[in-house]
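Convention: sequence-line order gives letters A, B, ...; per-chain numbering from 1. This structure is a prediction, so every number in the text was calculated from the model and none was measured.
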Amino acid sequence: MLRETNSLKKLLLIDGNSVAFRAFYALYKQLDKFKSPEGLHTNAIFTFKNMLDVLLKNIQPTHMLVAFDAGKITFRNKMYADYKGGRDKTPNELSEQLPIIKELLAYLGIKSYELSNYEADDILGTMAKMGTDLGFEVTIVTGDRDLTQLAGEHVTVMVTKKGVNDLEIYTPKHMQEVYGVTPKQFIDVKALMGDASDNYPGVEKVGAKTASKLINQYGSVENLYEKIDQIKASKIKEYLIRDKNNAILGKKLATIDCTSPVDLKIDDVKLQAQQLTQLRSFYERLGFKKFLSELPDVEEIDNKVQDECHYEILDKDNLSEIFATDFDHISFNLEMIGDNYHLAQYAGFSVKIKQKIYVCDDVTLLQETPLKKILEDKNIAKQVFDLKRNYVGLQRLGITLFNVTDDIMLASYIADSENNAGDLGVLANSYQEFYVQSDEIIYGKGKKQHSVDVDTLYAHMATKVDVLDKLKAKIMPELQQHEQLHLYKNIEIPIAVILAKMEIAGIKVQATTLVKMKNDLDVRITDLKNKIYQLAGEKFNINSPKQLGVILFEKLKLTPAKKTKTGYSTSVDVLEKLEYQSPIVADILDYRQISKIQSTYINGLLDYIQADGKIHTRFLQTLTTTGRLSSVEPNLQNIPVKLEEGKQIRKAFVPCKQDSYLFSCDYSQVELRVLAHVSHEKNMLEAFKEGYDIHAHTAMKIFGLSNLDEVTPLMRRHAKAVNFGIVYGISDYGLAKNLGISRQEAQNFINNYFEQYPQIKDYMKAAVKLAREKGYAETIMHRRRLLPDIHNKNFNIRSFAERTAINSPIQGSAADIIKIAMIKMQSELERRKLKTKMILQIHDELLFDVPSEELDLIRTLVPEIMQQAAQLDVPLIADANWGHNWYEVK
DNA sequence: AGAATCACG
DNA sequence: ACGTACGTGATTCTT
């Protein structure tokens, strides 16, 4: 299997300059023998490539970066002008090879990087830190021993000994043995002894031995000087005192900056596919016969690619002829530019029938026979990538897509829910099919979008329909083996069509209502602003947490409760604690609340109202790792409901027709019911079977009461938080923070909880154990979440995976259940030919647009179907509400 | 582009 | 002892 697992995430970092330097001198004697036909020296390039091959084979990294020095001047020269002064200039024979090495790296799919003002060391240090933070095993290869200071539990430093393939491996243990100091202390040793090659002096008469001894004894340069009086009078002591500044400077110079402004993300250094065609001509250019012979037969591959993607251009004249033959399935792709397929511009389409590929840039051809007929034919199976996108795009052309049997996007998501690539090219590449390009490469992204010539478009569309068969062949056996065919065929594929219909139906939003609110809020915002400025004694940007922090905690001298990475935290929970200290706090909280409503929910939503008076969101079906949906442009799954002021927004959401209803039905406590089901917890099963208020019941249990009547509202609130915490994979800290109680109190709640619901504790343990054994967590419908991090050595990363192992089956099974309900519901609406439309899903709630004459039926039908969606060991309960706008739906 | 904040389940 | 709740998206400021 090609998928990488986290436990195998390996980051290889190479100090480009120092290794190239070594490579150059390793074959210095052969300098004149290594010349390209054009007369260019190639000895360093050749050796570099050899070394790469050995490293790639031995280390098998998943991610890799080669860092180069950007120039001679770095921030270290500001501290010490002569830094690296007196060094011989890099020989021209070498420096001319450096750009060629970078070119080679690009063709090999290896990222190279440099940063002005910083040395390669600093880039490597920064990347090594990023890698270890993300749970990578990091290997650094360099010719420079300075890098050994980075060695650690997950960082191995390899230093070239002789030539380039004889490497000395530095681990903290090894360093202790060789130098008698830790990797970090290596800097201190160097600071004392100085560095001839970097041209800084250190302390006179102190060499490697003395320096190591001193550091071993005192731990660090700083501590040494703090305790300098304890050293008995000696020549060394005199020199230490005299050259103190040298030592301090040396330490600064030797310390690698692990926070340099490297603008790379980990994905940017992922190993990419080799560009075989470019490599071939590159090796030819440099006369590298050895590497040329090792290259797979490029000519054959190139021909094969062209063969596979040979396509014919469709037009009105050849149309009928082409589709005259018999076929029962096709691959199809409707090409649109941009993410939002409700509005996107059409680029064309491609079809694959019986191994032949046809492309066309005129989508109106789809509207004519025979293409329309084929797409709407319930007996012809279609294979696509992103069914919902194709469905909506075709619907806009008046074509209803039927009988889609495969959606490779959905298949890949089910195979691995982190495979959320909405791009076929990206997915194909991850399955080693490199002839398909990503849309980003073809069309550009953001502001860099560009138009493409028609041949590029044709080729791109051709590869897209062509690769579907190959990907299907790779993914389907996996789904079958994992018992996920039902989830794929009977849940995700039908849901895609249903979501398409929901998105197309849309929800009506009254702009006038929003605009009215906007005007009211504008006044209130202005008032609050003025009040805040007055209390602060100056004008500032209230939206800037930084400026607000200065006002609150410096000018007004309120007590800061929490810090963020960049300064004071000013979040709600902090401000609420400060409320009694100054009246300004309450005004800021009000301002925050109202400007959120204004910007996100009034201005934001107004932008999305289309000409039909409706908002058509997009549900992302393959984004979440748990199986939930998400909603974008706009997000209609987070419309305010908890606070009255925000809830007003819902008054603008109305049914399509005046006397129709918005009808909502939501599951009561699905996640806790799922928890009761999967854990078989006796006490919780009973509570649900008896129809108790579950949070009150929990309160009674954990507070040791004998009667539900004794539960106070505060007890219930606490119990509710514990119930939620359990679902999230509880910790005393998290619970304490959530409830604003002490950690000890939180721990007591948790202990009581597990005493009262012992099988829930067993479930949590078993969930983690299962994930450890199998490497994944699973829902009731066999939806998987892969959890390679469950074995990670890093406590934080591992703990997160453990909580995920507990949470994913619960959240994911709840997602499965509502998806099943949606399928049953939609088929019932269609079977009964009702006008009622399902329009939104909000995780545990379905929203419908219901004509008044259907309300009575819907009132019984929807809860009934939702409750029957799954047979759990507890009843499922769904509560219905309705009104003439969303606010009235209570 | 990332961090902080806050809206939802 | 470790540092912490699970899953999302949009807006704003800042770098």
> Does the pair A/Tyr776 and A/Arg784 meet the rule for a side-chain hydrogen bond (donor to acceptor under 3.5 Å, both in side chains), with working shown?
CA-CA 6 Å; A/Tyr776 60 88; A/Arg784 288 185 179 193; 3.1 Å; yes
> Does any donor-acceptor pair link the side chain of A/Arg743 with the base of C/dT4 at a separation under 3.5 Å?
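Pair found.
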> With no hydrogens and no angle check, do the side chains of A/Ser569 and A/Thr564 hold a donor and an acceptor under 3.5 Å apart?
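Their side chains do not contain a donor-acceptor pair, so the 3.5 Å distance test is not met.
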> From the options C/dG9, C/dG7, B/dA1, select the nucleotide whose nearest atom is closest to the side chain of A/Asn807.
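So the nucleotide nearest the side chain must be C/dG7.
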> Given B/dA3, C/dT12, C/dG9, identify the nucleotide with an atom nearest to the side chain of A/Ser599.
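That would be C/dT12.
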> Quick check for you: among B/dC6, C/dT11, C/dT15, whose closest atom lies nearest to any side-chain atom of A/Lys546?
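It is C/dT15.
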> So, is A/Gln547 close to the C/dT14 phosphate, meaning a side-chain N or O under 4.0 Å from OP1 or OP2?
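Answer yes for this pair, as a side-chain N or O of A/Gln547 is under 4.0 Å from OP1 or OP2.
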> When the distance from CD1 of A/Ile639 to C1' of C/dG9 is rounded to whole Å, what number comes out?
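One finds 11 Å between C1' of C/dG9 and CD1 of A/Ile639, rounded.
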> If you measure only the distance, is there a donor-acceptor pair under 3.5 Å linking the side chains of A/Gln598 and A/Asp522?
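Present: a donor and an acceptor within the cut-off.
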> Are the side chain of A/His616 and the backbone N or O of A/Glu503 linked by a donor-acceptor pair below 3.5 Å?
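Indeed, once roles are kept as given, a pair shorter than 3.5 Å links the two residues.
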> Would you indicate, yes or no, if C/dA5 has its OP1 or OP2 atom less than 4.0 angstrom from a side-chain nitrogen or oxygen of A/Arg803?
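False: A/Arg803 side-chain N/O out of range (4.0 Å or more) of C/dA5 OP1/OP2.
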> Check A/Lys761 with A/Glu755, please: is the shortest side-chain N to carboxylate O separation under 4.0 Å?
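No.
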> In whole angstrom, give me the gap between the P atoms of C/dA5 and B/dT5.
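The answer is 14 Å between these two P atoms.
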> Give a yes-or-no answer on whether the side chains of A/Gln621 and A/Glu492 include a donor-acceptor pair shorter than 3.5 Å.
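The answer is yes; a qualifying pair exists.
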> Counting any heavy atom closer than 4.0 Å, what does A/Asn638 reach on the DNA or RNA strands: base, sugar-phosphate only, or nothing?
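Base, at least one base atom sits under 4.0 Å.
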> Looking only at the side chain of A/Arg628 (C-beta and beyond, no hydrogens), which of the listed nucleotides B/dT5, C/dT4, C/dG7 gets closest?
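Looking only at heavy atoms from C-beta outward on A/Arg628, the closest nucleotide is C/dG7.
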> Between atom CG in A/Asp666 and atom P in B/dC8, what is the gap in whole Å?
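The answer, rounded to whole Å, is 15 Å.
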> Can the ring centres of A/His154 and A/Phe136 be said to be less than 6.0 Å apart?
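No, the ring centres sit 6.0 Å or more apart.
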> Base, sugar-phosphate alone, or nothing: which one does A/Glu845 contact when heavy atoms must sit under 4.0 Å apart?
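Here A/Glu845 touches no strand at all.
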> Hey, which of these two, A/Ser808 or A/Ser799, hits DNA chain C nearer its 5' end, going by closest nucleotide?
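The 5'-side residue here is A/Ser799.
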> Considering only C/dT8, C/dC6, B/dA3, which nucleotide approaches the side chain of A/Thr624 most closely?
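It is C/dT8.
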> Do any N or O atoms from the side chain of A/His791 and from the backbone of A/Arg772 form a donor-acceptor pair under 3.5 angstrom?
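Answer holds: yes.
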> Starting at atom CG of A/Asp816, determine the distance to atom C1' of B/dG9, rounded to an integer number of angstrom.
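In whole Å, B/dG9 C1' and A/Asp816 CG are 16 Å from each other.
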> Out of B/dG9, C/dC13, B/dA7, which has the shortest distance to the side chain of A/Ser544?
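From the listed options, C/dC13 comes nearest.
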> Hey, does the side-chain of A/Gln637 have a donor or acceptor N/O within less than 3.5 Å of a partner on the base of B/dC8?
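No, the side chain and the base share no sub-3.5 Å donor-acceptor pair.
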> Find the distance A/His843:NE2 to B/dA7:P and express it as a whole number of Å.
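The answer, rounded to whole Å, is 16 Å.
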> Using side-chain heavy atoms (C-beta onward) and a distance below 4.5 Å, is A/Asn543 in contact with A/Tyr591?
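SC-SC contact between A/Asn543 and A/Tyr591 confirmed.
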> If I pick the P atom on B/dC6 and the same atom on C/dC2, what distance separates them, to the nearest angstrom?
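Their P atoms lie roughly 29 Å apart.
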> Which whole-number value in Å describes the distance from A/Glu802 CD to C/dA5 P?
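In whole Å, C/dA5 P lies 15 Å from A/Glu802 CD.
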> Classify the nucleic acid contact of A/Leu623 as base, sugar-phosphate or nothing, counting any heavy atom under 4.0 Å across all strands shown.
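Sugar-phosphate contact only - A/Leu623 comes under 4.0 Å of backbone atoms but never of a base.
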> Starting the side chain at C-beta, find the nucleotide from B/dT5, B/dA3, B/dG9 nearest to A/Ile842.
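Looking only at heavy atoms from C-beta outward on A/Ile842, the closest nucleotide is B/dG9.
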> What nucleic acid atoms does A/Lys565 come within less than 4.0 Å of, heavy atoms only: base, sugar-phosphate, or nothing?
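If one applies the 4.0 Å heavy-atom cut-off, A/Lys565 turns out to touch the sugar-phosphate alone, with no base involved.
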> Roughly, in whole Å, what's the span from OH in A/Tyr568 to C1' in B/dT5?
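That distance rounds to 19 Å.
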> Closest approach to the side chain of A/Asp844, judged atom by atom: which nucleotide of B/dA4, C/dC6, B/dG9 is it?
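Minimum distance to the A/Asp844 side chain belongs to B/dG9.
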> In residues 719-741 of chain A, which residues come under 4.0 Å of DNA chain B by heavy atom?
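Within this stretch, A/Tyr728 sit under 4.0 Å of the strand.
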> Could you give the CG-to-C1' distance, from A/Leu847 to B/dC8, as a whole number of Å?
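Atom-to-atom, A/Leu847 to B/dC8, this comes out as 14 Å.
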> Using Watson-Crick or G-U wobble geometry with both distances under 3.5 Å, which nucleotide pairs with C/dA1?
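Result: none.
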> Could you please name the partner base of C/dT12, counting Watson-Crick and G-U wobble pairs only when both distances are under 3.5 Å?
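Base-paired to B/dA3.
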> Expressed as a whole number of angstroms, how long is the span from A/Arg592:CZ to C/dC13:C1'?
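Value for this atom pair: 12 Å.
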> Under 4.0 Å from OP1 or OP2 of C/dC13: is there any side-chain N or O of A/Asn541 that close?
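The answer is yes; a side-chain N or O of A/Asn541 sits under 4.0 Å from OP1 or OP2.
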> Is A/Ser631 touching bases, backbone alone, or none of the nucleic acid, heavy atoms closer than 4.0 Å?
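Sugar-phosphate: the residue A/Ser631, judged by heavy atoms under 4.0 Å, touches backbone atoms but no base.
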> If you check the A/Leu620 side chain, which of B/dT5, B/dG9, C/dG9 turns out closest?
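From the listed options, C/dG9 comes nearest.
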> Taking only the side-chain nitrogens and oxygens of A/Thr566, find out if one of them lies under 4.0 Å from OP1 or OP2 of B/dA4.
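Yes, A/Thr566 has a side-chain N/O under 4.0 Å of OP1/OP2 on B/dA4.
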> Okay, side chain of A/Thr126, backbone of A/Asp257: is any donor-acceptor separation there less than 3.5 Å?
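Yes; judged by distance alone, with no hydrogens or angles, the pair exists.
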> Give one of base, sugar-phosphate or nothing for A/Thr570, where a contact means two heavy atoms less than 4.0 Å apart.
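A/Thr570: backbone/sugar contact only, no base atoms under 4.0 Å.
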> Please determine, for the side chain of A/Thr626, which listed nucleotide (B/dC6, B/dA1, C/dG7) has the closest atom?
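Selected nucleotide: C/dG7.
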> Which is true for A/Glu671 with a 4.0 Å heavy-atom rule: it touches a base, it touches only sugar-phosphate, or it touches nothing?
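Nothing: the residue A/Glu671, judged by heavy atoms under 4.0 Å, touches no strand.
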